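Because only heavy atoms are used, hydrogens play no part in the values below, and waters and symmetry mates are left out as well, while side chains stay in. A, B, ... follow the sequence lines: proteins, then strands. Residue 1 opens every chain. Given the structure is predicted, the values throughout are model-derived calculations rather than measurements.
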Amino acid sequence: MKALIQDLVSQALAQLVADGVLDAVAAEPVIERTRDPDHGDFATNAALVNSKAAGMKPRELADKLVLALPTSEAVAGVEIAGPGFINFRLAAGASHALIPRILAAGEGFGRSDLGAGKRVQVEFVSANPTGPLHVGHGRGAAYGAVVADLLAAVGFDVHREYYVNDAGRQMDILGTSVWLRYLELAGEELVFPSNGYKGDYVWDIAATLHRHNGDAFRYPAAEVYAGVPADAPAGGDKEEHIDALIERAKQLLGAERYRTVFDLGLDTILDDIRDDLSLFGVDYQEWYSERSLTESGAVQRAIDKLKASGHIYEKQGALWFKSTDFGDEKDRVVVRDNGQTTYFASDIAYHMEKLERGFDRVIDVWGADHHGYVPRVKAALQAMGGDHAKLDVLLVQFAILYRGGEKAQMSTRSGEFVTLRELRKEVGKDAARFFYVMRKCEQHLDFDLDLAKSQSSDNPVYYVQYAHARVCSVLRQAQEKGFSTEISDGTTNLEHLAEDHEKALLTALAKYPEVVQSAALNEEPHQLTHYLRELANDLHTYYNAHQFLVADDALRDARLKLILATRQVLANGLALIGVSAPEAM
RNA sequence: GCCCCUGUAGCUCAGUAGGAUAGAGCAGCCGCCUCCUAAGCGGCAGGUCGUGCGUUCGAAUCGCGCCAGGGGCACCA
């Protein structure tokens with residue numbers, strides 16, 4: 001409908017240009033839905049933005065524009081208001097036609113092919129597999145998933161990917177932590193490193209290792225700690241301590257057994273993360289291994305490419321990428337003086353490879369704490385001659401949990417929950433998904449646990465779900481009262497929808513495709529949650545003001561059609577944000 | 001010190017590619033069930049849009065400065 005108005009205005013402007021009133025269209029007009037129903041249904045600022053170029057007052061130009069406007073059956077009235085806005089009032093029949101369209105399209109209503117099948121990759125979560133997903137990862141998961149689903153809904157070919165950091169020091173620390181716990185289970189007495197992973201899950205993995213291998217990986221603690229410098233509590237350095245222990249693990253176990261321990265930790269945790277996300281309604285097309293980048297030679301190829309373009313230099317035994325050539329604040333190491341490539345080197349290779357895979361657009365969803373990382377990744381793409389404009393990094397700010405009006409502690413020590421799994425257990429998947437995307441991503445999120453759990457109208461999730469359930473309930477009632485739940489075809493009987501509440505609901509339904517589009521193109525899922533709340537409100541208000549199951553067959557039929565269409569849109573919107581649409585509550 | 005995000009009603013937030021009287025939800029007060037789930041609805045009250053200049057016919061929205069809060073500035077990942 002918006003497109004129709006847009007078209008009419010464009011035609012009118014073109015007509016004025018043809019008539020010589022305007023030299024050219026100076027600025028594209030904005031067509032928007034009015035906030036105040038007194039202003040009609042749509043408004044455009046076409047006269048305001050072009051008045052200067054036309055050399056006349058906005059209202060004067062508006063007069064000419066209105067005269068040049070082609071007539072349309074859908075438009076019942078046009079008027080000039082305020083400083084020169086042109087307001088459009090739609091014909092009642094035009095909005096009625098929406099209902100059969102919604103009912104016919106079903107789950108497809110609101111979807112479009114705007115993206116024209118362009119390939120978009122969305123990489124999100126990508127947390128290190130060194131432990132279960134934290135509550136902080138939940139927001140990235142929910143946000144990334146909805147952005148991906150929204151883009152898919154408007155016709156992009158979306159590829160969801162999780163980058164698995166299965167190499168590097170953090171993973172070595174995990175492997176070593178598992179092994180040390182295993183030694184303790186086998187009966188060795190040792191002081192666990194302060195920098196090791198201390199979660200219970202490490203004990204679980206160690207127990208599995210022990211069950212499968214008995215004492216085959218066991219060495220006396222004294223031998224393991226031989227030559228290892230003191231830990232921080234003993235006056236040493238915790239980094240040197242853990243690094244030395246990693247070295248001892250590799251020496252004593254040898255490559256093969258070390259890999260067994262390492263992979264057991266990795267696989268166990270990755271399985272847990274996969275399962276966790278899946279239960280959270282988040283699924284991926286691909287889990288991309290960082291290790292594979294080294295094994296395939298992609299990392300070396302990326303470094304060579306940077307070298308060939310002249311942006312690599314050597315200093316103090318290390319290889320540096322001159323990212324300052326592309327606006328970064330300092331140069332970055334890609335190969336350390338010990339010959340090992342850095343995490344950044346892998347990331348350069350990964351992003352190079354993303355573009356090579358032919359995506360039209362690449363979206364990374366990162367925690368806001370990584371923002372300083374953006375310039376160097378873009379710099380690398382630029383240096384390699386890739387199109388860095390194809391990469392979009394969306395930064396998600398922190399979520400803070402509140403319980404009983406107090407900040408909930410999120411540390412393991414306090415005994416409060418820390419994992420996404422536990423959050424899901426406490427508030428449920430639906431509330432968690434909804435709350436995580438309720439705010440735009442650059443907004444710090446206050447996550448009120450009590451509110452998320454409350455079964456009242458204060459809770460937006462229940463409020464929206466209840467609207468859906470309410471329509472289902474009316475249908476059940478209809479059956480009990482002996483009314484037919486078969487509804488008529490097309491726009492039959494819809495002329496009976498003349499109440500203000502009905503018009504408001506129709507307007508809200510018509511907005512849905514526009515909201516989906518806007519939410520998708522701006523990567524703003526919160527637009528959808530806000531819309532759903534408004535739509536639910538319109539339905540509840542209507543419900544309170546009018547009886548649906550009336551004796552008059554035609555009127556009842558019309559009202560049932562309207563609420564069925566509303567139910568469909570509520571279900572479609574909820575599905576997009578990964579929340580269920582219950583039939584009863 | 002430099003960089004990113006935020007500052008709108010008592011609280012949590014919409015609104016920011018400039019536009020008509022700045023909107024919701026909570027909390028507060030007042031109402032609405034012999035009637036399809038009151039897990040609901042209506043009404044009242046509540047704001048110098050952090051602050052100071054500037055650009056403009058027009059600024060919560062754009063520019064500059066300042067103030068406050070959060071986060072980030074590794075040969076870690």
Figure out the [atom1]/[atom2] separation between [X] and [N], and round it to whole Å.
X	N	atom1	atom2	value
A:Y542	B:G42	OH	P	15 Å
A:Q397	B:G70	CD	C1'	8 Å
A:E480	B:U37	CD	C1'	12 Å
A:R139	B:G71	CZ	C1'	13 Å
A:I86	B:G19	CD1	P	17 Å
A:H540	B:G42	NE2	P	10 Å
A:Q547	B:C32	CD	C1'	15 Å
A:L451	B:U12	CG	C1'	9 Å

Can you tell me, in whole Å, how much space there is between the [atom1] of [N] and that of [M]?
N	M	atom1	answer
B:A59	B:A20	C1'	14 Å
B:A39	B:C13	P	28 Å
B:U6	B:G15	P	11 Å
B:G7	B:G19	C1'	24 Å
B:G10	B:C33	C1'	32 Å
B:A24	B:G65	C1'	34 Å
B:C36	B:U21	C1'	38 Å
B:C32	B:G47	C1'	29 Å

Check: Want to settle it: does A:A81 or A:T541 sit nearer the 5' end of RNA chain B, counting the closest nucleotide to each?
Finding: A:A81

Note to self: On RNA chain B, does the nearest nucleotide to A:R376 precede the nearest nucleotide to A:L475 from the 5' side, or the other way round? Give the residue.
What the structure shows: A:L475

Margin query: Check for me whether A:R470 meets the cation-pi criterion with A:Y543, that is, NZ or CZ under 6.0 Å from the six-membered ring centre and within 45 degrees of the ring axis.
Written below: yes

Check: Taking the six-membered ring of A:Y463, is the NZ or CZ of A:R533 close enough (under 6.0 Å from the centre) and on axis enough (within 45°)?
Finding: yes

Margin query: For A:F321 together with A:Y313, are the ring centres under 6.0 Å from each other?
Written below: no

What nucleic acid atoms does [X] come within less than 4.0 Å of, heavy atoms only: base, sugar-phosphate, or nothing?
X	answer
A:Q316	base
A:S473	base
A:D446	sugar-phosphate
A:A478	nothing
A:H370	base
A:H546	base

Check: Hey, can you pull the residues of residues 338-353 of chain A with a non-hydrogen atom under 4.0 angstrom from RNA chain B?
Finding: A:Y343

Taking the side chain of [X] as its heavy atoms from C-beta onward, which of [options] lies nearest to it?
X	options	answer
A:L48	B:C75, B:G19, B:A38	B:G19
A:D337	B:C75, B:A14, B:G25	B:C75
A:R336	B:C36, B:C75, B:C73	B:C75
A:F398	B:G71, B:A77, B:U37	B:G71
A:A318	B:U37, B:A77, B:C75	B:C75
A:H526	B:U37, B:G70, B:G15	B:G15
A:H530	B:A14, B:A77, B:C75	B:A14
A:L395	B:C13, B:C4, B:G72	B:C4

Within less than 4.0 Å of OP1 or OP2 of [N], is there a side-chain N or O belonging to [X]?
X	N	answer
A:N537	B:C41	yes
A:Y543	B:A38	yes
A:Q443	B:A14	yes
A:Q527	B:A14	no
A:K440	B:G15	yes
A:H371	B:G70	no

If you measure only the distance, is there a donor-acceptor pair under 3.5 Å linking the side chains of [X] and [Y]?
X	Y	result
A:D325	A:H311	yes
A:S518	A:N522	yes
A:Y402	A:D450	no
A:Q316	A:D337	no

Checklist line | Centroid distance under 5.5 Å and plane angle under 30°, A:Y463 vs B:A39 | finding: no

Note to self: Checking base pairs now: Watson-Crick or wobble, both atom distances under 3.5 Å. What partners B:G7?
What the structure shows: B:C67

Check: Now, which nucleotide makes the Watson-Crick or G-U wobble pair with B:U48, with each of the two distances under 3.5 Å?
Finding: none

Notebook entry, point to check: How are the rings of A:Y512 and A:Y531 set to each other: parallel, tilted or perpendicular (split at 30° and 60°)?
Noted result: tilted

Check: Aromatic rings A:Y258 and A:F262: how do their planes relate, parallel, tilted or perpendicular, breaks at 30° and 60°?
Finding: tilted

Notebook entry, point to check: How would you label the glycosidic angle of B:C73: syn (within 90° of 0) or anti?
Noted result: anti

Notebook entry, point to check: Partners of A:Y350 by ring-ring contact (aromatic ring centres under 6.0 Å, His included), sequence neighbours excluded?
Noted result: A:Y163, A:Y288

Checklist line | hbond_proxy A:N87 side chain to B:A20 base (donor-acceptor, 3.5 Å cutoff) | finding: yes

Check: Any N or O donor-acceptor pair linking the side chain of A:E442 to the base of B:C4 at under 3.5 Å?
Finding: no

Notebook entry, point to check: What pair of heavy atoms forms the shortest contact from A:A431 to A:A452, and how long is it?
Noted result: CB-O, 3.5 Å

Margin query: Closer than 4.0 angstrom, basic N to acidic O: yes or no for A:E161 and A:K354?
Written below: no

